[in-house]
Amino acid sequence: MASAATATDVRRFEGETMGTTWSVNAVLPPRADARAIEHGIQGELDRVVAQMSTYEADSDLSRFNRAPAGTWQVLPAEFYGVLRYALSLARASGGAYDPTVGPLVNLWGFGPDRHPHDAPDASAIAAARARVGWAKIQLDDAGHRALQPGGVYVDLSSVAKGFGVDQVARYLSAHGVQGYLVEVGGELRAHGRKPDGTPWHVGIERPGAAAGAVDNVDEVGRIVSLGDKAIATSGDYRHFFESGGRFYSHHIDPRTGYPVAHKVASVSILADDCMHADSLGTTMTVLGPDEGMAYAREHGIAVLFVLYGEHGAFEERMSSAFAKAMR
């Protein structure tokens, strides 16, 4: 049995999930059972994996992707809610964000069936694009059902991690934890304050920095006072390959079938919850700095673009909502 906590304790918990790591810094209430809290955190994340992982053959998502054409599939409440949100974002973004992009992600070697990286030919891309299209999926809100029209492969990797952060946040709040910082694979959400009354501060990793190096000030581009907000950063500097002298990002534009080709090094999104921050980071990356910033202005999105500039330098562009949040 873990020892009882005092009101001034900040306990750190760590583990693994979704092919990456998670951590929680929590101000535990008096007499809290730290071991039970840790098991509860892992349980929340395990449930997200069991429902929404493309890497687990027996997940609810994998079963949906294998379902026969024309069948209605009853989905768990969390999975259904995430899919419903993802489809609404796809509609709002004109398909720049599309949860059915899975066939293209897999074709380019960034999905569960990773393969030696070579750029696919145009015919293979066309065949994969024929299976992509958010409008192919129909939903039944009353029954929490989704129609598998045949050949549709949903990939929620751009939203499930953020949703997992939110699930952990909800779990901690429900168990009386009034101050916490939750992180899964670099996606973060904060609530309350530290015992000394100061807010949670997080670093936005500088593009090109080594994984996990954000504790080193030299590897941090900006420090953000997070408050009761979430932040997610998407970058092309870790997941990419080169073939035939060309650089290919892991961010695939569902509208073209090809990796994005603009000069976005990373995108950071501040939002009220991490599900929105995570998915909007992907959306902004696909839209690019010009179309993306116009979309951000229209929808009040707090976004920071870091762009590849001349001679290896980086350039920043931020929306007015992000600048306001920084102040």
Handout entry: Non-hydrogen side-chain atoms of V267 and L304 separated by less than 4.5 Å
Key = no

Handout entry: Exercise: do T71 and Q148 side chains pair donor with acceptor under 3.5 Å
Key = no

Problem - Check: R317 and M293 side chains under 4.5 Å, non-hydrogen atoms - result: yes

Problem - Polar contact flag, side-chain donor to acceptor under 3.5 angstrom, S173-Y180 - result: yes

Fill in the blank from the handout: side chain to side chain donor-acceptor pair (under 3.5 Å) with W22: of Q42, E187, E183, only one passes, and it is Q42

Exercise for the section: Give the C-alpha distance, both sets of side-chain angles, the deciding distance and a yes or no for salt bridge (Lys or Arg N to Asp or Glu O under 4.0 Å) between R12 and E14. Expected result: CA-CA 7 Å; R12 181 172 176 87; E14 297 177 313; 3.1 Å; yes

Practice task
Give a yes or no on this: more than 12 heavy atoms of other residues, nucleotides or ligands lie within 6.0 Å of atom NZ of K324.
Solution key: no

Problem - NZ/NE/NH1/NH2 to OD/OE distance under 4.0 Å, R35 and E38 - result: no

Practice task
Anything under 30° is parallel, anything over 60° is perpendicular, the rest tilted; go ahead and classify Y308 against F314.
Solution key: tilted

Practice task
State whether E291 and R255 are salt-bridged, where the test is any N-O pair (Lys NZ or Arg NE/NH1/NH2 against Asp/Glu carboxylate O) under 4.0 Å.
Solution key: yes

Handout entry: E44 and R170 ion-paired at < 4.0 Å
Key = no

Problem - 4.5 Å side-chain heavy-atom contact, Q178 and V27 - result: no

Handout entry: NZ (K194) with more than 12 external heavy atoms under 6.0 Å
Key = yes

Practice task
Hey, could you give me the CD1/OG distance between I231 and S268, rounded to the nearest 0.5 Å?
Solution key: 5.0 Å

Handout entry: T282-S279 side chain donor-acceptor pair, cut-off 3.5 Å
Key = no

Problem - L89 side chain reached by W134 side chain, heavy atoms, under 4.5 Å - result: no

Handout entry: Neighbour count >12 (heavy atoms, 6.0 Å) for atom CZ, R131
Key = yes

Handout entry: Close side-chain approach of W200 to N25, heavy-atom, < 4.5 Å
Key = yes

Exercise for the section: Let me see the working for T283 and Y295 under side-chain hydrogen bond (donor to acceptor under 3.5 Å, both in side chains), right down to the final yes or no. Expected result: CA-CA 10 Å; T283 307; Y295 186 92; over 6 Å; no

Problem - Validation row: Y97, V286 side chains within 4.5 angstrom (heavy atoms) - result: no

Exercise for the section: State, with a plain yes or no, whether a side-chain heavy atom of Y80 is found less than 4.5 Å away from one of D141. Expected result: yes

Handout entry: Salt bridge D58-R63, side-chain N to carboxylate O under 4.0 Å
Key = no

Exercise for the section: Treat each ILVMFWY residue as a node, draw an edge where side-chain heavy atoms are under 4.5 Å apart, and state whether Y85 and L147 are in one component. Expected result: no

